[in-house]
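Have a look at the structure below before the remarks.
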Amino acid sequence: MLLSYNMINMNKVRTRFCPSPTGYMHVGGVRTALFAWLIARQNQGDFILRIEDTDKNREVEGSEKHIIESLKWLGIQWQEGPDMNGNYGPYRQSERLAIYRKWADKLLASGRAYADPYTPDQTQKFREEAQKNKQPFLFRNHRPNSLDSEPPIWDGSMPLRFKSDPKAYTWSDEIMGELNTGPEVVDDFIIMKSDGFPTYNFAHIVDDAEMKISHIIRGQEFISSMPNYLNLYKALDIEHPIFATVPHILGPTGNKKLSKRDGAKDILDYRNEGYLPEALVNFLVTLGWNDGTEDEIYDVDDLVKRFSLDRVQKSGARFDERRLLWLNGAHIRNLSTEKLHKLTKKYWPKSSEVFEDDYKQRILQLIKERLKFFKEIPELTEFFFSRPDFDQELISSNKQLAKTENDILIKLLDKSINELENIEFDQATIKASLDKLLAETGEKPAILLGIIRVAVSRWPSSPELAGSLAVIGKDESLARLKEVMLKLSER
């Protein structure tokens, strides 16, 4: 039986997220961070941010800053990390080299580590020989002969390898269940490189022990290395934390891991396009997790209360950007108009600068139902601030309007102008007048309302028509209708 993460012991729950500063933050990494953060929050524990920067060849300048900015935008707060003090720092691996050397010396002293005397070319030849013989390559089959007769010495000029003790393993994973492997997959692996930096396989185990991490939540790509990790835990006399392996996020087709080619974005691109952080959090947490209900929209407090690792699915979850758009729209509609106005200030078209905030809030009330992300605002609202040029293509590209005779469109515009000129110009009265016109003309809504919409907005679609006319105002609305009627008369 698997023990739940909150039943395993009475120690404080401490989770961590350990990105490498090698590029932008992607959705897979963020989902892992969210799972770890939620577990810490719901258990009144600590969430730790640790920067794993030991691979200096792959490090990208500015990545750490980008990681921190991305997590903060999403509302993921940590109690210990590279930008704040904690009892178990430093929180950058490059600043912990003396700690790794201490643990490496412990392995040397116990005979569980040795200097690797081979060049990369020699190791490659061993690998090719195994392949030629149709055998798996195991470095432990090529250990130096002197290991049994000479005391272990390592001066740092060569890589340091862990001397494995192959055995079968069975272990529990909070998501994947009970897993097991045979001794054939346990091998000697490098723990310290000749440049003085540790490998991930060694450093994360040391760091998690030193930082008293209770739960390791990470991606599926590490599961094949688990037997080697368990072998190292035993050699270091460390009790391993609780494991939870998160399946991959799959591309839109569902048959491969999500990649840049599938449209995987930098997390901050979503911010720049005007997605709400709470919507992205909702979307990512529910990629492969549900609480057993039909609910789809959650705020952070809901997720903290309801999230559990045992309801994370074992298989990969398909990345569906249409669902993200829908969720973002749903979260937008839950905002007050005042809050939405504050959040959207930088997204309005330049032509809006001379208009008052009250006018923009009236527009937001109209477009709120159809707004999916803030970067759509210029396209949806430009016609409220300036009169666009009329393009005949708007009629010819509309199936209903294109097959309607020009004279009929002119007559419909003329009737509309006469009706709208003589009413109070509020939304309710305008709607009643449009309904009256539909009844009197017997025309299809797609044609009557369609030609009015095209004439006023100069777009094939627009927010609710009566509301749009009311916001634009009587004089400007009538002027646009008359202008288009004149242009049609000139054809």
Side-chain angles (χ1 to χ4, degrees), residues 333 336-338 340-341 348-349 351-352 354-371 377-392 394-395 398-491:
R333 290 188 289 277
S336 68
T337 303
E338 293 75 18
L340 184 57
H341 179 246
W348 291 91
S351 56
S352 72
V354 297
F355 288 81
E356 297 293 330
D357 287 346
D358 286 349
Y359 184 69
K360 294 177 185 175
Q361 289 194 35
R362 290 179 67 196
I363 295 170
L364 281 174
Q365 287 177 323
L366 278 175
I367 69 170
K368 193 175 179 181
E369 286 300 313
R370 61 185 305 180
L371 185 62
I377 287 176
E379 182 177 311
L380 291 174
T381 66
E382 179 69 53
F383 74 90
F384 287 105
F385 305 108
S386 62
R387 189 189 304 180
D389 293 333
F390 176 71
D391 187 347
Q392 182 65 37
L394 288 168
I395 290 178
N398 183 302
K399 289 182 179 179
Q400 294 291 335
L401 298 181
K403 63 185 181 182
T404 304
E405 293 181 10
N406 201 56
D407 287 347
I408 293 177
L409 295 178
I410 293 170
K411 288 178 181 178
L412 291 174
L413 285 172
D414 187 46
K415 284 182 175 290
S416 300
I417 290 166
N418 291 333
E419 174 67 26
L420 295 173
E421 275 182 328
N422 299 303
I423 63 169
E424 292 293 324
F425 224 66
D426 60 84
Q427 186 171 346
T429 306
I430 294 170
K431 187 177 185 314
S433 293
L434 293 177
D435 290 341
K436 178 183 173 187
L437 280 167
L438 285 169
E440 288 179 352
T441 62
E443 194 55 82
K444 296 177 182 177
I447 295 175
L448 174 62
L449 303 185
I451 189 59
I452 296 173
R453 176 175 285 108
V454 164
V456 173
S457 71
R458 314 295 164 91
W459 276 93
S461 62
S462 71
E464 196 275 328
L465 183 57
S468 297
L469 290 165
V471 170
I472 291 170
K474 178 183 278 192
D475 292 345
E476 179 61 19
S477 295
L478 291 171
R480 294 184 187 190
L481 292 169
K482 290 173 182 177
E483 180 185 341
V484 172
M485 186 173 72
L486 179 61
K487 287 184 179 292
L488 293 179
S489 301
E490 294 171 349
R491 290 179 61 192

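Hydrogens, waters and symmetry mates are skipped; everything else that's a heavy atom, side chains included, is used. Starting from 1, each residue takes its place in the sequence as its number.
A donor-acceptor pair under 3.5 Å links the side-chain atoms of Arg370 to the main chain of Ser462, judged by distance alone. Checked by atom type and distance alone, the side chain of Asn398 never pairs as donor or acceptor with a backbone atom of Leu394 at under 3.5 Å.
Under the 4.0 Å criterion applied to side-chain N and carboxylate O atoms, Arg387 and Glu483 are assigned as salt-bridge partners. Between Glu405 and Lys411 there is no salt bridge, since none of the side-chain N atoms of the basic residue sits less than 4.0 Å from a carboxylate O of the acidic one.
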Kindly determine whether Lys431 and Asp435 satisfy salt bridge (Lys or Arg N to Asp or Glu O under 4.0 Å), including the steps that lead there. CA-CA 6 Å; Lys431 187 177 185 314; Asp435 290 341; 3.3 Å; yes

What verdict does the side chain to side chain contact (heavy atoms under 4.5 Å, CB included) test give for Ile363 and Phe385, after you've listed the backbone C-alpha separation in whole Å, the side-chain angles of each residue and the deciding distance to 0.1 Å? CA-CA 10 Å; Ile363 295 170; Phe385 305 108; 3.5 Å; yes

List the steps and the verdict of side chain to side chain contact (heavy atoms under 4.5 Å, CB included) for Phe425 and Asp475. CA-CA 10 Å; Phe425 224 66; Asp475 292 345; over 6 Å; no

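Phe384 pairs with exactly one of Pro463, Ser351, Ser352 by the side-chain contact (heavy atoms from CB on, under 4.5 Å) rule, that one being Pro463.
The closest side-chain heavy-atom distance from Asp391 to Arg458 is not below 4.5 Å. Between Glu464 and Gln427 there is a side-chain heavy-atom pair separated by less than 4.5 Å. You'll find the side chain of Leu380 stays beyond 4.5 Å of the side chain of Trp459, heavy atoms only. The shortest distance between side-chain heavy atoms of Phe390 and Gln392 falls below 4.5 Å. When side chains are defined from C-beta on, Asp414 does not count as touching Leu481, because their heavy atoms never get closer than 4.5 Å.
Atoms CD1 and CG, from Ile430 and Leu434 in turn, are 7.5 Å apart once rounded to the nearest 0.5 Å. Summarising the geometry, atom CG belonging to Leu420 is positioned 11.0 Å from atom OG1 belonging to Thr429; distances are rounded to the nearest 0.5 Å. The CD1 atom of Ile417 sits 11.0 Å away from the CG atom of Leu412 when rounded to the nearest 0.5 Å. Interatomic distance, CD1 of Ile377 versus CD1 of Ile367, reported as 5.0 Å (0.5 Å rounding). Remark: Glu443 CD to Thr404 OG1 distance equals 6.0 Å, nearest 0.5 Å. In this structure, the separation between OG on Ser336 and CD on Gln365 is 10.5 Å, given to the nearest 0.5 Å.
Counting heavy-atom neighbours within 6.0 Å of Lys368 NZ, excluding the residue itself, gives a total above 12. The local environment of NZ in Lys474 is crowded, with over 12 non-hydrogen atoms from other residues, nucleotides or ligands closer than 6.0 Å.
The two atoms that bring Ile452 and Ser416 nearest to each other are CD1-OG, 3.4 Å, heavy atoms only. For Pro349 against Thr381, the heavy-atom pair with the smallest separation is CD-OG1, 3.6 Å. Here the closest heavy-atom approach between residue Asn406 and residue Leu488 is recorded as ND2-O, 2.8 Å. For the residue pair Lys399 and Lys403, the shortest heavy atom distance occurs at O-CG, 3.3 Å. Counting all heavy atoms, side chain and backbone alike, Val484 lies closest to Leu413 at CG1-CD1, 4.0 Å. Nearest heavy-atom pair across Ala446 and Leu401 is O-CD2, 4.2 Å.
In the model, Ser433 has a side-chain atom that pairs as donor or acceptor with a side-chain atom of Glu419 under 3.5 Å.
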